[in-house]
Amino acid sequence: MHKILKKRLPWQIKAFTLLESLVTLFVLSFLTLLLSGAVEKTFDSVKETLFWLQFEQIYRDTQKLSATRQSQMTLDVTSTVTNGYTSLALPETVTALEPKHIVFDSAGGNSSLAKIQFQTADKLVTYQLYLGSGNYKKSETSRLHSP
């Protein structure tokens, strides 16, 4: 009788280990699914921030190139941002509200008071260009406060 109990004991432990593994797998899967939405939202936010920085860099590079080359250059903002040398695709979470073609003169200044507007899920980002200087002002408006 004692031998039978000894033989049954390992089976009970193996079954308990299998049950523990299944419960652990279920808990970890649930937590992963629960947290993946938050991680994805954070990742999208980082991609948007990097896009703003890269857009501003391409804008300044286009301005410097036109002044250095002493020739007119165009910055096109559509589904991509391009100046003929560098191209930047918009992230999935960012859309340009209307296509813009910004022309920089041979001195590096632009010839318009254009607004470049981008829409994200939670805000409207506007770059207001200043006439002649080539400078801009960036403003962000929450979608809750926009008309």
Side-chain angles (χ1 to χ4, degrees), residues 8-147:
R8 289 189 68 198
L9 187 61
W11 287 104
Q12 289 174 351
I13 292 173
K14 285 182 183 179
F16 183 71
T17 304
L18 178 63
L19 183 63
E20 256 184 347
S21 298
L22 289 175
V23 169
T24 304
L25 180 64
F26 174 74
V27 169
L28 288 177
S29 298
F30 178 74
L31 289 174
T32 302
L33 289 174
L34 184 67
L35 296 175
S36 67
V39 171
E40 187 174 328
K41 192 170 187 167
T42 303
F43 187 67
D44 288 342
S45 174
V46 168
K47 285 192 331 188
E48 288 174 9
T49 302
L50 288 175
F51 171 75
W52 305 133
L53 294 172
Q54 290 174 332
F55 170 75
E56 293 168 6
Q57 185 65 41
I58 288 176
Y59 181 86
R60 287 189 297 272
D61 285 348
T62 306
Q63 184 180 12
K64 289 175 187 175
L65 276 171
S66 67
T68 304
R69 298 180 74 209
Q70 294 294 308
S71 65
Q72 199 175 49
M73 291 196 69
T74 304
L75 179 68
D76 294 320
V77 179
T78 54
S79 61
T80 60
V81 177
T82 184
N83 62 6
Y85 295 101
T86 306
S87 183
L88 174 65
L90 273 67
E92 299 86 23
T93 58
V94 176
T95 56
L97 290 185
E98 60 183 63
K100 292 287 182 179
H101 305 286
I102 309 303
V103 178
F104 292 93
D105 60 18
S106 59
N110 63 5
S111 58
S112 70
L113 290 171
K115 281 185 180 180
I116 303 172
Q117 293 184 320
F118 297 101
Q119 181 72 48
T120 66
D122 58 345
K123 62 185 171 185
L124 176 70
V125 178
T126 304
Y127 287 91
Q128 175 65 55
L129 306 182
Y130 294 137
L131 187 64
S133 67
N135 292 328
Y136 59 87
K137 177 186 174 190
K138 179 182 175 184
S139 61
E140 297 181 9
T141 308
S142 174
R143 286 188 72 190
L144 298 175
H145 300 297
S146 63

Residue pair [X] / [Y], side-chain heavy-atom distance below 4.5 Å:
| X | Y | result |
| --- | --- | --- |
| Leu124 | Leu97 | yes |
| Tyr136 | Ile116 | no |
| Tyr127 | Tyr59 | no |
| Thr86 | Asp61 | no |
| Phe104 | Asn83 | no |
| Leu50 | Lys47 | no |

Looking only at non-hydrogen atoms, find the nearest pair between [X] and [Y] and report the distance.
| X | Y | value |
| --- | --- | --- |
| Met73 | Ser66 | SD-N, 3.7 Å |
| Val94 | Trp52 | CG1-CH2, 3.9 Å |
| Phe118 | Ala96 | CD2-CA, 3.9 Å |

Quick one: pull up [atom1] in [X] and [atom2] in [Y] and give me the separation to the nearest 0.5 Å.
| X | Y | atom1 | atom2 | answer |
| --- | --- | --- | --- | --- |
| His101 | Thr78 | NE2 | OG1 | 7.0 Å |
| Leu129 | Lys100 | CG | NZ | 8.5 Å |
| Glu98 | Lys115 | CD | NZ | 10.5 Å |
| Gln63 | Thr68 | CD | OG1 | 10.0 Å |
| Leu19 | Thr24 | CG | OG1 | 9.0 Å |
| Leu25 | Glu20 | CG | CD | 13.0 Å |

Exercise for review: Taking Thr32 for its side chain and Leu28 for its backbone only, find out whether a donor-acceptor pair lies under 3.5 Å.
Suggested key: yes

Review point. Can you tell me if NZ on Lys138 sees more than 12 non-hydrogen neighbours from other groups inside 6.0 Å?
Key: yes

Point to revise | Heavy atoms from other residues, nucleotides or ligands near CD of Glu92 exceed 12 (cutoff 6.0 Å) | key: no

Practice item. May I ask you to check whether Glu48 and Thr93 show a side-chain donor-acceptor distance below 3.5 Å? Key: yes

